[in-house]
Amino acid sequence: MRMKHNSSVKTQEKISAGQVITTILVILGGLTMIYPLLWMVMSSLKENNEIFSSASSLIPKELHFENYANGWRGFAKISFATFFKNSFFIAAVGTIGAVFSSAFIAFGFARLKFKGRNFWFICMLVTMMLPFQVIMIPQYIIFNKLGWVGTFLPLIVPSFFGGSFFIFLIIQFIYGIPKDLDEAAKIDGCGYLDIFIRIIIPLIVPALVTCAIFSFMWKWDDFMGSLLYLNKPSMYPVTMALKMFADPTSITDWGAMFAMATLSIIPIFLIFVFFQKYLVNGISTEGLKG
């Protein structure tokens, strides 16, 4: 009995020691990942000369909240409110288009039988492997011939034709919905559109929210698209506006730039905080179990 008791105590000690080591490693990993973010936030409160002269120190000698005021004034008589408004417009409209069009296309692949379905599904999967650099020049030529360069259209309209990653994710959710629900709805006189709106949409909410989070984040952080298609400062989103702070021909206001960069991450942070539950369900595909 004593030997069993001693072995159980040793096992508990090993388990507790392992838990302590794991916790320490997780904390160190978390600090490593969050350190650049903390550095940016604290640098937004430093004076310009202090930012890089004391880069190893997080705590500023004096708090300079005027960096936020200076950054919010923007440049060329355009305040950062305009840039935030542009970013919200592009991200919100593009997200709405991407989510609902992807859901509609995913429903077609998952529930409808049509000629060449497997072929088109493979083509959709192949587009997931194409880097943006491959299609960048052809897209620009097309949008230029359409007269869309210099407008928001090239940044928004393609979203209304679905995203391959979102389509694939939603298809997996729809596969988990029993087809008996579709058959019961058909008996009640529902068509495919009614089935999609009344049955499928309510059951794939976690997947839709997951797609919306990723789409909004990608649209909000998009720099290359804005650089290619927008040519007026009044139409710039936040990503382009931040780049305008770094001027090699004059003195860069790093404090103001870091201040606006700090504000720019707040919308993404809030989205992750409030919709974290849906994000986890969407990725793990547990929203349909029960």
Side-chain angles (χ1 to χ4, degrees), residues 90-146 148 152-186 189-219 222 224-225 228-229 278-279 281-289:
I90 295 171
V93 177
T95 296
I96 292 172
V99 171
F100 286 100
S101 61
S102 298
F104 196 77
I105 296 170
F107 173 75
F109 277 122
R111 285 296 197 259
L112 303 183
K113 294 182 180 180
F114 53 90
K115 188 175 181 180
R117 182 178 66 169
N118 293 334
F119 170 77
W120 292 115
F121 182 74
I122 293 173
C123 290
M124 185 271 296
L125 293 180
V126 170
T127 61
M128 295 176 62
M129 308 173 191
L130 292 176
F132 176 72
Q133 289 78 4
V134 173
I135 62 176
M136 180 172 61
I137 295 177
Q139 274 190 348
Y140 183 87
I141 294 174
I142 293 173
F143 292 141
N144 188 40
K145 289 184 177 181
L146 291 174
W148 289 3
F152 291 136
L153 294 178
L155 304 177
I156 295 175
V157 173
S159 301
F160 284 81
F161 294 90
S164 54
F165 172 75
F166 301 147
I167 294 171
F168 181 77
L169 177 65
I170 297 173
I171 285 176
Q172 306 312 308
F173 257 73
I174 296 178
Y175 279 155
I177 300 175
K179 291 186 178 180
D180 295 342
L181 297 177
D182 297 17
E183 299 300 328
K186 289 179 182 178
C190 293
Y192 283 114
L193 185 60
D194 291 328
I195 294 173
F196 174 68
I197 295 175
R198 298 182 181 182
I199 297 177
I200 301 299
I201 289 293
L203 293 176
I204 61 173
V205 169
L208 296 181
V209 176
T210 301
C211 294
I213 291 173
F214 280 111
S215 177
F216 189 91
M217 181 178 64
W218 292 340
K219 287 291 183 182
D222 181 31
M224 184 59 68
L228 286 173
Y229 299 115
Y278 293 100
L279 180 63
N281 287 337
I283 294 177
S284 63
T285 64
E286 292 179 355
L288 299 174
K289 296 179 182 179

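This is a predicted model, so every value here is computed, not measured.
Environment of CD1 in Ile137: sparse, with no more than 12 heavy atoms of neighbouring residues, nucleotides or ligands closer than 6.0 Å. Counting heavy atoms of neighbouring residues, nucleotides and ligands inside a 6.0 Å radius, atom CZ of Phe161 does not exceed 12 of them. Within a 6.0 Å sphere centred on CZ of Arg198, heavy atoms belonging to other residues, nucleotides or ligands number 12 at most. A 6.0 Å sphere centred on CZ of Phe100 holds no more than 12 heavy atoms belonging to other residues, nucleotides or ligands. The number of heavy atoms from other shown groups lying within 6.0 Å of CE (Met128) is above 12.
For the side chain to side chain contact (heavy atoms under 4.5 Å, CB included) criterion with Val99, the lone passing option out of Ile170, Leu208, Ile213, Val209 is Leu208.
Side-chain atoms of Ser101 come within 3.5 Å of backbone N or O of Gly97 as a donor-acceptor pair. A donor-acceptor pair is defined here as one N or O able to donate and one able to accept, closer than 3.5 Å; no such pair exists between the side chain of Lys179 and the backbone of Arg111.
Not counting sequence neighbours, the partners of Trp218 by the side-chain contact (heavy atoms from CB on, under 4.5 Å) test are Phe165, Phe166, Phe214.
A pairwise comparison of heavy atoms in Tyr192 and Lys186 identifies OH-NZ, 3.5 Å as the closest pair. Scanning all heavy atoms of the two residues, the minimum distance from Ile204 to Ala103 falls at CD1-CB, 4.5 Å.
Rounding to the nearest 0.5 angstrom, the gap separating the CD1 atom in Ile200 from the CG atom in Leu181 is 7.5 Å. Atom CD1 of Ile195 is separated from atom CD1 of Ile177 by 11.0 Å, given to the nearest 0.5 angstrom.
For the pair Trp148 and Val157, the minimum side-chain heavy-atom distance is below 4.5 Å.
Note: Phe107 and Phe196 have tilted aromatic rings, judged against thresholds of 30 and 60 degrees for the angle between ring planes.
In this structure, the ring of Tyr229 has its center less than 6.0 angstrom from the ring center of Tyr140.
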